[in-house]
K.L.:
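Following this message is one structure expressed as structure tokens.
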Amino acid sequence: MDFDQIYHFLFQTYAGIGCMVGAGIVICLIACVIMERRTRKLFVDRPKTKDDWSLFDDDDEESEDSSK
């Protein structure tokens, strides 16, 4: 494959455009997860409030509420 074939596939076919959109979504999700984890490490000393939610932790509040 030469550069012209790759360019044609990526920018002039529906499958190529779909691949680029899918790759963009995956790259953004990976970047978001990395940034979220770095932020959680940076603000470890911040106390949690009732309104805080977490993408990565289990919801302990729900299990406590359901047991009551």
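Residues: numbered from 1 along the sequence shown.
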K.L.:
Show which residues join Leu42 in its hydrophobic cluster (side-chain heavy-atom contacts under 4.5 Å, direct or indirect), or state none.
P.N.:
Phe43
K.L.:
Would you check, one step at a time, whether the test side chain to side chain contact (heavy atoms under 4.5 Å, CB included) holds for Val33 with Leu29?
P.N.:
CA-CA 6 Å; Val33 168; Leu29 285 173; 5.6 Å; no
K.L.:
Which residues end up grouped with Val26 if you chain together Ile, Leu, Val, Met, Phe, Trp and Tyr wherever their side-chain heavy atoms are less than 4.5 Å apart?
P.N.:
Ile30, Ile34
K.L.:
Could you pull out all residues at least two apart from Phe3 that satisfy ring pair (Phe, Tyr, Trp, His ring centres under 6.0 Å)?
P.N.:
none
K.L.:
Quick one: list whatever passes side chain to side chain donor-acceptor pair (under 3.5 Å) with Gln12, sequence neighbours left out.
P.N.:
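Partners of Gln12 by the side chain to side chain donor-acceptor pair (under 3.5 Å) criterion, ordered by chain and then number, come out as His8.
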K.L.:
Considering only distance and modelled atom types, tabulate donor-acceptor pairs under 3.5 Å from the side chains of residues 13-24, sequence neighbours left out.
P.N.:
from	atom 1	to	atom 2	distance (Å)
Thr13	OG1	Phe9	O	2.4
Thr13	OG1	Gly16	N	3.2

K.L.:
Mind checking what makes side chain to side chain contact (heavy atoms under 4.5 Å, CB included) contact with Asp4, not counting sequence neighbours?
P.N.:
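Listed in chain order: Asp2.
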K.L.:
To the nearest 0.5 angstrom, please state how far the SG atom of Cys32 sits from the CZ atom of Arg37.
P.N.:
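So the gap between those two atoms works out to 12.5 Å.
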